[in-house]
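Single-structure report; data block below.
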Amino acid sequence: MAPKKLNEYERKRLENIRRNDEMMASLKLQSMATRLSAASIKRQRSAPKPKRISPKKKPKNDNLVVVRRSLRTRGILPDSEGLDNDLVESPAKSPNSQTPPSKPSIPKMGPLSMSQAFLDEGSDRALIETILSIGKKSELGVDLGAETDGVRVCKEENLGVLRNSIKKEENEVGGSFSLYSMTLNPENVARVVQDRIMTLRFFPCSNSRIVVAGSKGGDVGFWNLDHQMEEEDGVYRYHTHSGPISGISIHRHCLSKVFTCCYDGYIRSMDVEKEIFDLIYSSDNTIYSFSQRSDDMKCLYFGEGRGDLNIWDERTGNCATQWTLHEDRINSIDFSSENPNIMATSSSDSTACIWDLRSIDADKPKPLKTVSHKRAVYSAYFSPSGKFLATTSFDDTVRVLSGDNFEETSWIPHNNQTGRWISPFKAIWGWDDSHIFIGNMKRGVDVISPAQRKTIFTLQSPHISAIPCRFDTHPYNVGMLAGATGGGQVYMWTGS
DNA sequence: ATTCCAGTTACACAC
DNA sequence: GTGTGTCCACTGGAAT
């Protein structure tokens with residue numbers, strides 16, 4: 001269908017929007033002139049739009065009586081004394097929660113209560129209880145304790161044990177794992193948010209199957225595949241940001257906190273124990289990317305504005321470090337599992353770089369290695385072993401770096417022209433170094449073999465009704481791959 | 001060298 | 001099944 005030219009009305013409307021933006025920018029500039037240089041402001045946040053909240057609002061629940069699923073029926077110990085305390089602690093909030101139909105607005109500052117942000121009818125109690133219960137059990141049965149005093153340090157030996165157990169698992173299952181066993185069952189499809197999914201992440205927990213999706217409109221959707229209430233779908237939505245959510249991070253050793261970052265310049269931390277989305281960082285610049293090191297749950301690494309990388313430290317509550325590593329936005333940040341001091345960034349300046357965090361010169365940062373693409377690079381991810389790096393670019397290639405110093409490069413052609421409405425593809429690694437997954441424009445998932453340097457297989461299914469563009473692998477369930485679309489759906493492949 | 005603009009893309013929803 | 005609105009990405013070429 002031939003695209004229409006804008007008519008007069010639309011053109012005027014866009015013109016108005018642009019003028020408003022400019023006006024906002026100039027107003028903002030005056031008020032911030034002492035703090036910021038004008039050059040650092042690429043684009044101002046627009047005022048919080050009256051969000052188009054789903055008018056339908058879960059009509060499937062005819063009876064408004066909320067049926068709760070008890071902990072017992074889920075085989076979970078009733079260990080939630082702290083929960084009741086928390087509930088009592090915030091009685092002032094409960095009147096709000098009695099009027100859920102009104103659309104939640106995003107407070108500019110400070111924490112946002114989960115009940116205030118909750119978009120669906122019914123209750124999110126089951127989700128909260130589930131996350132609390134999995135958060136309390138660490139993978140190794142080690143109680144990580146409460147979130148105070150920085151006592152909860154991951155003991156190195158525990159980390160080591162964990163790493164070994166993961167590696168062992170991968171090696172064992174890796175042999176028997178077959179791509180061809182991966183299937184998409186119709187019950188493993190859900191609409192998790194209303195609009196385009198920008199980012200998708202599994203809870204890194206071996207005995208749960210929960211994915212978290214961040215949408216373009218600022219919603220965070222949780223999908224618990226193990227929900228046991230027949231009349232519910234296991235999906236819980238919150239409106240926590242006023243712009244596209246560009247990153248989600250859940251640390252392996254702190255499962256009760258879900259960090260989200262957003263184009264609106266805010267970073268929030270969902271604290272299930274306090275039942276809030278806390279505001280932990282705000283900036284006037286866009287935040288495009290977000291990551292945590294496996295060996296440090298106190299720090300957040302994020303890409304802000306045109307090429308800056310910031311490190312936020314929970315202990316001080318602010319950013320001690322800011323480097324300008326790129327000439328344009330940083331689209332991804334990743335750390336080597338082999339050595340978390342080794343970091344990879346990808347950028348719209350058409351490069352991806354590998355850095356050694358121990359030796360970055362703040363004035364003249366020099367990467368260990370630069371990968372030059374012809375167009376913007378959207379991702380640069382280390383393989384599970386840390387021996388390879390895969391980059392994805394708008395120049396229609398996926399490149400794989402290998403060798404002791406990543407000196408060898410091979411490239412695989414792949415159509416990455418996602419256009420305006422689909423989030424750009426980002427090739428991710430499977431559960432070992434042998435497979436790379438990436439979406440394709442024909443509603444499938446291409447599987448690239450780095451060894452064969454080509455696409456060897458495409459996952460397809462009649463249940464896919466849109467292009468899967470963002471993915472995550474379950475870190476413990478080999479064969480479980482989640483794909484997200486521009487329409488808010490998540491597809492969950494399972495394998496063996 | 002910088003800014004502007006048209007054109008591109010897929011999807012949900014209303015009809 | 002068709003038409004319309006989306007609009008925070010990017011490109012290449014035209015205009016400044």
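Residue numbers start from 1 in every chain, and the chains themselves are labelled A, B, ... in the order their sequence lines are given, proteins ahead of strands.
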With a 4.0 Å cutoff (strictly under), does any side-chain N or O of [X] reach OP1 or OP2 of [N]?
X      : N      : answer
A:Y263 : C:dC7  : no
A:Q489 : B:dC11 : no
A:R191 : B:dC13 : yes
A:K216 : C:dT6  : no
A:R196 : C:dC7  : no
A:R375 : C:dG12 : yes

Can you label the angle between the [X] ring and the [Y] ring as parallel, tilted or perpendicular, going by 30° and 60°?
X      : Y      : answer
A:F202 : A:H474 : tilted
A:F335 : A:Y301 : perpendicular
A:H326 : A:W355 : perpendicular
A:Y491 : A:W493 : perpendicular

Would you kindly give the [atom1]-to-[atom2] distance between [X] and [N], to the nearest whole Å?
X      : N      : atom1 : atom2 : value
A:M441 : B:dA10 : CE    : P     : 5 Å
A:I197 : B:dC11 : CD1   : C1'   : 13 Å
A:Q194 : C:dT6  : CD    : C1'   : 14 Å
A:D328 : C:dA9  : CG    : P     : 11 Å
A:R420 : C:dA9  : CZ    : P     : 9 Å
A:W421 : C:dT6  : CH2   : C1'   : 5 Å
A:R443 : B:dA10 : CZ    : P     : 9 Å
A:D195 : B:dC13 : CG    : P     : 10 Å

Rounded to whole angstrom, note down the C1' distance from B:dC13 over to C:dC8.
22 Å

Find the partner of C:dG1: check Watson-Crick (N1-N3 plus N6-O4 or O6-N4) and G-U wobble (N1-O2, O6-N3) distances, both under 3.5 Å, and reply none if neither fits.
B:dC15

Could you let me know what C:dC7 is paired to, Watson-Crick or G-U wobble, both distances under 3.5 Å, or none if it's on its own?
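By the stated definition (distances under 3.5 Å), nothing pairs with C:dC7.
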
So what does A:T485 hit on the nucleic acid, given a heavy-atom distance under 4.0 Å: a base, only sugar-phosphate, or nothing?
nothing

Mind checking if A:G243 touches a base, just sugar-phosphate, or nothing, with heavy atoms under 4.0 Å?
nothing

From C:dC8, B:dT9, B:dC11, pick the nucleotide closest to the side chain of A:I467?
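Among C:dC8, B:dT9, B:dC11, the one nearest the side chain of A:I467 is B:dC11.
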
Salt-bridged, A:D195 to A:R191, with N to O below 4.0 Å?
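Salt bridge absent between A:D195 and A:R191.
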
